[in-house]
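Numbers here are sequence positions counted from 1. Note: hydrogens, waters and symmetry copies are ignored here, and every other heavy atom, side chains too, is used.
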Amino acid sequence: MATIRDVAKLAGVSVATVSRVLNKNGYVNKETEQKVITAIQQLQYEPNAVARGLAGKRTGTIALILPDISNPFFPEMARGVEDVAHQLGYTVILCNSDDHGVKERSYIEVLKKKYIDGIIFASNTLDETDVEEMQKNDLPLVILDRAPIQDTFSVVRSKNYEGAQLAVKHLLEVGCKRIAHIYGPQEFLTAKERMTGYEDAVRHLPWYSPSLMVPGNFRIDGGMKAIEQLLSRHPDVDGIFAGNDLMAVGALKALYRLGKKVPEEVAICGFDGIALTEITEPEITTVAQPIYEMGSLAAKVLIEKITATVKANPIHELEVSLIRRGSTKRGRETDE
(Lines give C-alpha, C1' and ligand atoms only; values in the text may rest on other atoms or scores of the structure.)
Protein backbone atom coordinates (compact mmCIF):
# COMPACT_ATOMS: atom_id res chain seq x y z
CA MET A 1 0.00 0.00 0.00
CA ALA A 2 1.27 3.43 -0.95
CA THR A 3 1.97 5.97 1.78
CA ILE A 4 1.75 9.74 1.83
CA ARG A 5 5.56 9.81 1.62
CA ASP A 6 5.41 7.79 -1.62
CA VAL A 7 2.97 10.33 -3.06
CA ALA A 8 5.19 13.23 -2.02
CA LYS A 9 8.28 11.59 -3.58
CA LEU A 10 6.54 10.85 -6.90
CA ALA A 11 5.06 14.35 -7.09
CA GLY A 12 8.37 15.96 -6.10
CA VAL A 13 6.82 17.86 -3.19
CA SER A 14 6.89 17.76 0.59
CA VAL A 15 4.60 15.59 2.74
CA ALA A 16 3.10 18.82 4.12
CA THR A 17 2.09 19.87 0.60
CA VAL A 18 0.37 16.53 -0.04
CA SER A 19 -1.43 16.93 3.28
CA ARG A 20 -2.65 20.40 2.30
CA VAL A 21 -4.04 19.02 -0.96
CA LEU A 22 -5.79 16.12 0.79
CA ASN A 23 -7.31 18.25 3.52
CA LYS A 24 -7.96 21.31 1.32
CA ASN A 25 -6.22 23.31 4.00
CA GLY A 26 -3.76 26.03 3.02
CA TYR A 27 -2.58 27.40 -0.34
CA VAL A 28 -1.20 25.12 -3.04
CA ASN A 29 -0.81 26.43 -6.61
CA LYS A 30 -2.76 24.69 -9.35
CA GLU A 31 0.25 23.10 -11.05
CA THR A 32 1.54 21.56 -7.82
CA GLU A 33 -1.95 20.43 -6.83
CA GLN A 34 -2.32 18.62 -10.17
CA LYS A 35 1.05 16.86 -9.68
CA VAL A 36 -0.12 15.59 -6.28
CA ILE A 37 -3.48 14.42 -7.67
CA THR A 38 -1.74 12.60 -10.54
CA ALA A 39 0.64 10.88 -8.09
CA ILE A 40 -2.29 9.82 -5.89
CA GLN A 41 -4.06 8.31 -8.91
CA GLN A 42 -0.94 6.52 -10.19
CA LEU A 43 -0.17 5.02 -6.78
CA GLN A 44 -3.86 4.37 -6.00
CA TYR A 45 -3.21 6.00 -2.65
CA GLU A 46 -6.07 5.92 -0.15
CA PRO A 47 -5.69 8.43 2.70
CA ASN A 48 -6.05 7.05 6.20
CA ALA A 49 -9.31 8.39 7.65
CA VAL A 50 -7.95 8.65 11.18
CA ALA A 51 -4.82 10.48 10.06
CA ARG A 52 -6.90 12.92 8.06
CA GLY A 53 -9.23 13.27 11.03
CA LEU A 54 -6.35 14.28 13.27
CA ALA A 55 -5.51 17.05 10.86
CA GLY A 56 -9.07 18.14 10.06
CA LYS A 57 -10.62 17.10 13.38
CA ARG A 58 -13.10 14.80 11.64
CA THR A 59 -12.97 11.15 10.61
CA GLY A 60 -16.48 10.70 9.17
CA THR A 61 -17.25 8.09 11.84
CA ILE A 62 -19.94 8.12 14.55
CA ALA A 63 -20.80 5.56 17.19
CA LEU A 64 -24.18 4.17 18.25
CA ILE A 65 -24.37 2.59 21.71
CA LEU A 66 -27.45 0.40 22.19
CA PRO A 67 -28.53 -1.35 25.40
CA ASP A 68 -29.77 -4.64 23.90
CA ILE A 69 -29.45 -5.49 20.23
CA SER A 70 -31.58 -8.64 20.75
CA ASN A 71 -34.64 -6.45 21.38
CA PRO A 72 -36.27 -5.97 17.93
CA PHE A 73 -36.93 -2.33 18.78
CA PHE A 74 -33.26 -1.39 18.54
CA PRO A 75 -32.21 -2.88 15.16
CA GLU A 76 -34.94 -0.85 13.45
CA MET A 77 -33.73 2.26 15.25
CA ALA A 78 -30.12 1.44 14.30
CA ARG A 79 -31.17 1.14 10.66
CA GLY A 80 -32.55 4.67 10.79
CA VAL A 81 -29.25 5.93 12.22
CA GLU A 82 -27.17 4.08 9.65
CA ASP A 83 -29.23 5.09 6.61
CA VAL A 84 -29.01 8.81 7.35
CA ALA A 85 -25.35 8.60 8.37
CA HIS A 86 -24.50 6.83 5.10
CA GLN A 87 -26.39 9.43 3.07
CA LEU A 88 -24.39 12.17 4.77
CA GLY A 89 -21.05 10.42 4.28
CA TYR A 90 -20.55 8.92 7.73
CA THR A 91 -19.76 5.40 8.91
CA VAL A 92 -21.46 3.99 12.03
CA ILE A 93 -19.76 1.87 14.69
CA LEU A 94 -22.34 -0.19 16.62
CA CYS A 95 -21.78 -1.05 20.30
CA ASN A 96 -24.02 -3.21 22.50
CA SER A 97 -23.76 -2.20 26.17
CA ASP A 98 -26.18 -4.72 27.74
CA ASP A 99 -27.21 -1.82 30.01
CA HIS A 100 -23.97 -2.24 31.95
CA GLY A 101 -22.41 1.06 33.00
CA VAL A 102 -18.89 -0.37 33.20
CA LYS A 103 -19.13 -1.85 29.72
CA GLU A 104 -20.53 1.39 28.37
CA ARG A 105 -17.75 3.49 29.89
CA SER A 106 -15.14 1.14 28.44
CA TYR A 107 -16.73 1.68 25.03
CA ILE A 108 -16.52 5.44 25.50
CA GLU A 109 -12.80 5.22 26.30
CA VAL A 110 -12.08 3.01 23.28
CA LEU A 111 -14.19 5.18 20.97
CA LYS A 112 -12.36 8.34 22.04
CA LYS A 113 -9.09 6.69 21.00
CA LYS A 114 -10.62 5.86 17.62
CA TYR A 115 -11.14 9.58 17.01
CA ILE A 116 -14.85 9.30 16.28
CA ASP A 117 -16.78 12.48 15.53
CA GLY A 118 -19.74 11.91 17.86
CA ILE A 119 -21.85 9.37 19.76
CA ILE A 120 -25.55 8.47 19.86
CA PHE A 121 -26.62 6.84 23.12
CA ALA A 122 -29.75 4.76 23.62
CA SER A 123 -28.72 4.23 27.19
CA ASN A 124 -29.93 4.02 30.76
CA THR A 125 -26.54 4.10 32.45
CA LEU A 126 -25.06 7.31 31.08
CA ASP A 127 -24.42 9.60 34.04
CA GLU A 128 -23.46 13.25 34.49
CA THR A 129 -19.76 12.41 34.81
CA ASP A 130 -19.79 10.66 31.42
CA VAL A 131 -21.55 13.65 29.83
CA GLU A 132 -19.14 16.16 31.38
CA GLU A 133 -16.15 14.12 30.18
CA MET A 134 -17.41 14.07 26.60
CA GLN A 135 -18.23 17.76 26.66
CA LYS A 136 -14.74 18.47 27.98
CA ASN A 137 -13.36 16.56 25.00
CA ASP A 138 -15.66 18.44 22.59
CA LEU A 139 -17.32 15.15 21.62
CA PRO A 140 -20.87 15.79 20.35
CA LEU A 141 -23.56 13.46 21.65
CA VAL A 142 -27.27 12.81 21.20
CA ILE A 143 -29.36 10.80 23.64
CA LEU A 144 -31.89 8.53 21.98
CA ASP A 145 -35.13 7.15 23.43
CA ARG A 146 -34.36 6.53 27.10
CA ALA A 147 -32.97 9.83 28.36
CA PRO A 148 -34.55 12.49 30.55
CA ILE A 149 -35.27 15.90 29.07
CA GLN A 150 -32.27 18.08 29.86
CA ASP A 151 -30.78 21.12 28.21
CA THR A 152 -27.17 19.95 28.44
CA PHE A 153 -27.43 17.60 25.45
CA SER A 154 -29.72 16.85 22.52
CA VAL A 155 -32.48 14.29 23.01
CA VAL A 156 -34.67 12.38 20.56
CA ARG A 157 -37.54 10.49 22.19
CA SER A 158 -41.25 9.77 21.86
CA LYS A 159 -44.22 10.73 24.02
CA ASN A 160 -44.29 7.82 26.44
CA TYR A 161 -46.72 9.27 28.98
CA GLU A 162 -49.25 10.25 26.32
CA GLY A 163 -48.88 6.84 24.68
CA ALA A 164 -49.69 5.04 27.92
CA GLN A 165 -52.81 7.13 28.36
CA LEU A 166 -53.79 6.35 24.77
CA ALA A 167 -53.46 2.60 25.49
CA VAL A 168 -55.58 2.73 28.66
CA LYS A 169 -58.24 4.87 26.99
CA HIS A 170 -58.49 2.33 24.17
CA LEU A 171 -58.85 -0.60 26.58
CA LEU A 172 -61.63 1.25 28.42
CA GLU A 173 -63.36 2.03 25.14
CA VAL A 174 -63.50 -1.65 24.16
CA GLY A 175 -65.21 -2.45 27.46
CA CYS A 176 -62.44 -3.50 29.87
CA LYS A 177 -63.56 -3.24 33.51
CA ARG A 178 -60.28 -3.93 35.32
CA ILE A 179 -57.03 -3.06 33.55
CA ALA A 180 -53.61 -4.17 34.77
CA HIS A 181 -50.20 -2.82 33.83
CA ILE A 182 -47.05 -4.86 33.22
CA TYR A 183 -44.21 -2.41 33.63
CA GLY A 184 -40.56 -2.27 32.65
CA PRO A 185 -37.53 -1.49 34.86
CA GLN A 186 -38.28 1.72 36.74
CA GLU A 187 -34.72 2.97 36.42
CA PHE A 188 -35.59 3.41 32.71
CA LEU A 189 -37.33 6.73 32.11
CA THR A 190 -39.45 5.21 29.35
CA ALA A 191 -40.84 2.56 31.71
CA LYS A 192 -41.42 5.09 34.45
CA GLU A 193 -43.32 7.49 32.19
CA ARG A 194 -45.53 4.70 30.84
CA MET A 195 -46.37 3.54 34.36
CA THR A 196 -47.20 7.11 35.40
CA GLY A 197 -49.41 7.47 32.33
CA TYR A 198 -51.28 4.30 33.27
CA GLU A 199 -51.71 5.34 36.92
CA ASP A 200 -52.95 8.81 36.06
CA ALA A 201 -55.48 7.32 33.65
CA VAL A 202 -57.01 4.83 36.13
CA ARG A 203 -56.34 5.99 39.71
CA HIS A 204 -59.74 7.72 39.86
CA LEU A 205 -61.64 4.55 38.92
CA PRO A 206 -63.24 2.46 41.69
CA TRP A 207 -61.45 -0.77 40.77
CA TYR A 208 -57.93 0.72 40.77
CA SER A 209 -55.34 -0.87 43.04
CA PRO A 210 -51.50 -0.66 43.04
CA SER A 211 -51.52 -4.47 43.05
CA LEU A 212 -52.69 -4.29 39.42
CA MET A 213 -49.15 -3.24 38.46
CA VAL A 214 -46.51 -5.96 38.16
CA PRO A 215 -42.95 -5.97 36.74
CA GLY A 216 -42.07 -7.62 33.45
CA ASN A 217 -38.51 -6.35 32.88
CA PHE A 218 -39.21 -5.47 29.21
CA ARG A 219 -38.80 -9.18 28.32
CA ILE A 220 -41.06 -11.92 26.92
CA ASP A 221 -40.50 -14.22 29.90
CA GLY A 222 -41.16 -11.27 32.19
CA GLY A 223 -44.55 -10.76 30.55
CA MET A 224 -45.39 -14.44 31.05
CA LYS A 225 -44.50 -14.39 34.74
CA ALA A 226 -46.42 -11.16 35.22
CA ILE A 227 -49.64 -12.75 33.95
CA GLU A 228 -49.33 -15.60 36.43
CA GLN A 229 -48.80 -13.10 39.23
CA LEU A 230 -51.64 -10.85 38.11
CA LEU A 231 -54.26 -13.56 37.73
CA SER A 232 -53.43 -15.02 41.11
CA ARG A 233 -54.13 -11.60 42.64
CA HIS A 234 -56.96 -10.47 40.36
CA PRO A 235 -58.68 -13.32 38.48
CA ASP A 236 -61.16 -10.81 37.06
CA VAL A 237 -58.56 -8.76 35.15
CA ASP A 238 -59.88 -8.28 31.61
CA GLY A 239 -57.43 -5.77 30.17
CA ILE A 240 -53.62 -5.69 30.03
CA PHE A 241 -51.48 -2.70 29.14
CA ALA A 242 -47.92 -3.96 28.69
CA GLY A 243 -45.16 -1.35 28.82
CA ASN A 244 -43.48 -2.78 25.73
CA ASP A 245 -44.35 -5.22 22.96
CA LEU A 246 -42.06 -8.01 24.17
CA MET A 247 -43.96 -8.16 27.46
CA ALA A 248 -47.23 -8.06 25.51
CA VAL A 249 -46.11 -11.12 23.50
CA GLY A 250 -45.23 -12.90 26.76
CA ALA A 251 -48.62 -11.99 28.23
CA LEU A 252 -50.41 -13.36 25.17
CA LYS A 253 -48.48 -16.63 25.39
CA ALA A 254 -49.19 -17.04 29.12
CA LEU A 255 -52.90 -16.32 28.67
CA TYR A 256 -53.09 -18.92 25.91
CA ARG A 257 -51.46 -21.51 28.16
CA LEU A 258 -53.92 -20.68 30.92
CA GLY A 259 -56.86 -21.18 28.57
CA LYS A 260 -57.85 -17.50 28.52
CA LYS A 261 -59.32 -16.21 25.28
CA VAL A 262 -57.83 -13.03 23.80
CA PRO A 263 -59.54 -10.62 23.34
CA GLU A 264 -62.88 -12.06 24.51
CA GLU A 265 -61.79 -12.60 28.11
CA VAL A 266 -58.65 -10.47 28.28
CA ALA A 267 -57.66 -7.68 25.88
CA ILE A 268 -53.98 -6.80 25.43
CA CYS A 269 -52.24 -3.61 24.30
CA GLY A 270 -48.47 -3.27 23.99
CA PHE A 271 -46.12 -0.36 23.34
CA ASP A 272 -43.42 0.19 20.67
CA GLY A 273 -44.82 -1.06 17.36
CA ILE A 274 -42.23 -3.75 16.57
CA ALA A 275 -42.93 -6.20 13.72
CA LEU A 276 -43.19 -9.13 16.14
CA THR A 277 -46.70 -7.96 17.13
CA GLU A 278 -47.91 -8.69 13.60
CA ILE A 279 -46.98 -12.38 13.57
CA THR A 280 -48.82 -13.46 16.73
CA GLU A 281 -52.34 -14.83 16.73
CA PRO A 282 -54.23 -12.69 17.38
CA GLU A 283 -52.06 -9.79 16.24
CA ILE A 284 -51.32 -7.43 19.11
CA THR A 285 -52.68 -3.92 19.42
CA THR A 286 -49.82 -1.54 20.20
CA VAL A 287 -48.92 2.08 20.76
CA ALA A 288 -46.39 2.55 17.99
CA GLN A 289 -43.35 4.75 18.23
CA PRO A 290 -41.83 6.06 14.97
CA ILE A 291 -38.80 3.84 15.59
CA TYR A 292 -36.97 4.28 12.29
CA GLU A 293 -37.66 8.03 12.28
CA MET A 294 -36.24 8.35 15.81
CA GLY A 295 -32.98 6.78 14.66
CA SER A 296 -32.74 8.83 11.48
CA LEU A 297 -33.49 12.07 13.33
CA ALA A 298 -30.87 11.27 15.98
CA ALA A 299 -28.25 10.81 13.25
CA LYS A 300 -29.27 14.05 11.55
CA VAL A 301 -29.11 16.01 14.81
CA LEU A 302 -25.70 14.54 15.72
CA ILE A 303 -24.18 15.33 12.34
CA GLU A 304 -25.57 18.86 12.53
CA LYS A 305 -23.78 19.22 15.86
CA ILE A 306 -20.56 17.77 14.42
CA THR A 307 -20.61 20.21 11.51
CA ALA A 308 -21.66 23.06 13.82
CA THR A 309 -24.83 23.58 11.81
CA VAL A 310 -26.70 23.50 15.13
CA LYS A 311 -25.01 24.59 18.34
CA ALA A 312 -28.04 24.39 20.64
CA ASN A 313 -29.31 21.21 22.31
CA PRO A 314 -32.73 20.61 20.78
CA ILE A 315 -35.24 18.29 22.43
CA HIS A 316 -37.34 16.30 19.96
CA GLU A 317 -40.42 14.46 21.26
CA LEU A 318 -42.10 12.49 18.50
CA GLU A 319 -45.77 11.57 18.38
CA VAL A 320 -47.00 8.02 18.98
CA SER A 321 -50.06 6.33 17.46
CA LEU A 322 -52.38 3.51 18.42
CA ILE A 323 -52.49 0.55 16.00
CA ARG A 324 -55.67 -1.43 16.63
CA ARG A 325 -55.40 -5.16 16.05
CA GLY A 326 -57.03 -8.45 17.04
CA SER A 327 -55.87 -8.54 20.68
CA THR A 328 -58.37 -5.80 21.56
CA LYS A 329 -61.00 -6.23 18.85
CA ARG A 330 -64.19 -6.70 20.80
CA GLY A 331 -67.79 -5.90 20.00
CA ARG A 332 -67.41 -2.24 20.87
CA GLU A 333 -64.27 -1.74 18.84
CA THR A 334 -64.57 -0.57 15.23
CA ASP A 335 -62.14 -0.79 12.36
CA GLU A 336 -61.76 2.97 12.19
Side-chain angles (χ1 to χ4, degrees), residues 1-66 69 78-97 102-121 126 129-142 153-154 295-296 298-311:
M1 293 178 62
T3 68
I4 192 171
R5 294 184 182 281
D6 296 330
V7 173
K9 183 177 180 180
L10 181 60
V13 299
S14 69
V15 171
T17 299
V18 176
S19 180
R20 284 197 294 273
V21 172
L22 290 171
N23 293 294
K24 295 180 171 52
N25 182 20
Y27 175 75
V28 178
N29 68 53
K30 291 292 183 182
E31 183 180 349
T32 302
E33 181 181 15
Q34 188 55 54
K35 287 181 180 179
V36 172
I37 292 171
T38 301
I40 288 171
Q41 291 172 342
Q42 288 180 0
L43 295 171
Q44 296 182 330
Y45 171 66
E46 295 184 8
N48 182 279
V50 171
R52 290 185 66 183
L54 287 172
K57 296 187 179 179
R58 287 189 207 156
T59 61
T61 305
I62 62 175
L64 172 61
I65 299 182
L66 298 177
I69 197 66
R79 183 59 184 266
V81 170
E82 186 179 37
D83 284 354
V84 167
H86 179 72
Q87 290 168 11
L88 297 176
Y90 284 76
T91 300
V92 180
I93 296 174
L94 177 63
C95 307
N96 184 64
S97 72
V102 173
K103 186 175 181 182
E104 188 169 277
R105 277 183 282 279
S106 70
Y107 271 135
I108 293 171
E109 289 305 312
V110 170
L111 290 168
K112 284 194 298 186
K113 294 174 184 176
K114 297 293 184 183
Y115 303 102
I116 60 165
D117 295 337
I119 304 179
I120 298 173
F121 290 90
L126 187 70
T129 305
D130 297 324
V131 174
E132 290 171 1
E133 180 68 20
M134 283 180 283
Q135 290 176 334
K136 188 169 67 177
N137 285 277
D138 293 323
L139 186 61
L141 70 151
V142 172
F153 45 76
S154 297
S296 59
K300 182 175 180 289
V301 170
L302 180 66
I303 292 168
E304 285 175 347
K305 291 173 75 68
I306 291 168
T307 59
T309 306
V310 173
K311 294 183 179 179

Value for CZ (Arg5) from OG (Ser14), rounded to nearest 0.5 Å, stands at 10.5 Å
Any chance you could measure Leu139, atom CG, to Lys305, atom NZ, to the nearest 0.5 Å? 11.0 Å
Verdict with supporting geometry, Leu64 and Ile93, side-chain contact (heavy atoms from CB on, under 4.5 Å): CA-CA 6 Å; Leu64 172 61; Ile93 296 174; over 6 Å; no
List the residues meeting side chain to side chain donor-acceptor pair (under 3.5 Å) with Ser296, not counting sequence neighbours, and say none if there are none. none
Any residue meeting side-chain contact (heavy atoms from CB on, under 4.5 Å) with Ala299, in chain and number order, not counting sequence neighbours: Val81, Val84, Ile120
Test side chain to side chain donor-acceptor pair (under 3.5 Å) applied to Thr38 - qualifying residues, sequence neighbours left out: Gln34
Sub-4.5 Å side-chain heavy-atom contact between Asp117 and Tyr90: yes
Run the side-chain contact (heavy atoms from CB on, under 4.5 Å) test against Glu31 and tell me which residues pass, sequence neighbours left out. Asn29, Lys35
Side chain to side chain donor-acceptor pair (under 3.5 Å) partners for Lys300, two or more places apart: Glu304
Between Phe121 and Leu141, is there a side-chain heavy-atom distance shorter than 4.5 Å? yes
Mark yes or no for whether Thr17, through its side chain, and Val13, through its backbone, hold a donor-acceptor pair below 3.5 Å. no
How close do Ala85 and Ile62 get, heavy atom to heavy atom, and via which atoms? CB-CD1, 4.1 Å
When you look at Thr3 and Leu43, which way does the side-chain contact (heavy atoms from CB on, under 4.5 Å) test go after all the steps? CA-CA 9 Å; Thr3 68; Leu43 295 171; over 6 Å; no
Kindly determine whether Val28 and Val36 satisfy side-chain contact (heavy atoms from CB on, under 4.5 Å), including the steps that lead there. CA-CA 10 Å; Val28 178; Val36 172; 5.8 Å; no
Taking side-chain contact (heavy atoms from CB on, under 4.5 Å) as the test, write out the residues that go with Ile69, two or more places apart. Leu66, Pro75, Leu94, Asn96
Partner set under side chain to side chain donor-acceptor pair (under 3.5 Å) for Arg79, not counting sequence neighbours: Asp83
Should Ile4 and Leu22 be marked as a side-chain contact (heavy atoms from CB on, under 4.5 Å) after you check the CA-CA gap, both sets of side-chain angles, and the distance that decides it? CA-CA 10 Å; Ile4 192 171; Leu22 290 171; 4.1 Å; yes
Nearest heavy-atom pair of Pro140 and Ile306: which atoms, and what distance? CG-CG1, 4.0 Å
Measure the spacing between OG of Ser154 and CG of Leu302 and express it to the nearest 0.5 Å. 8.5 Å
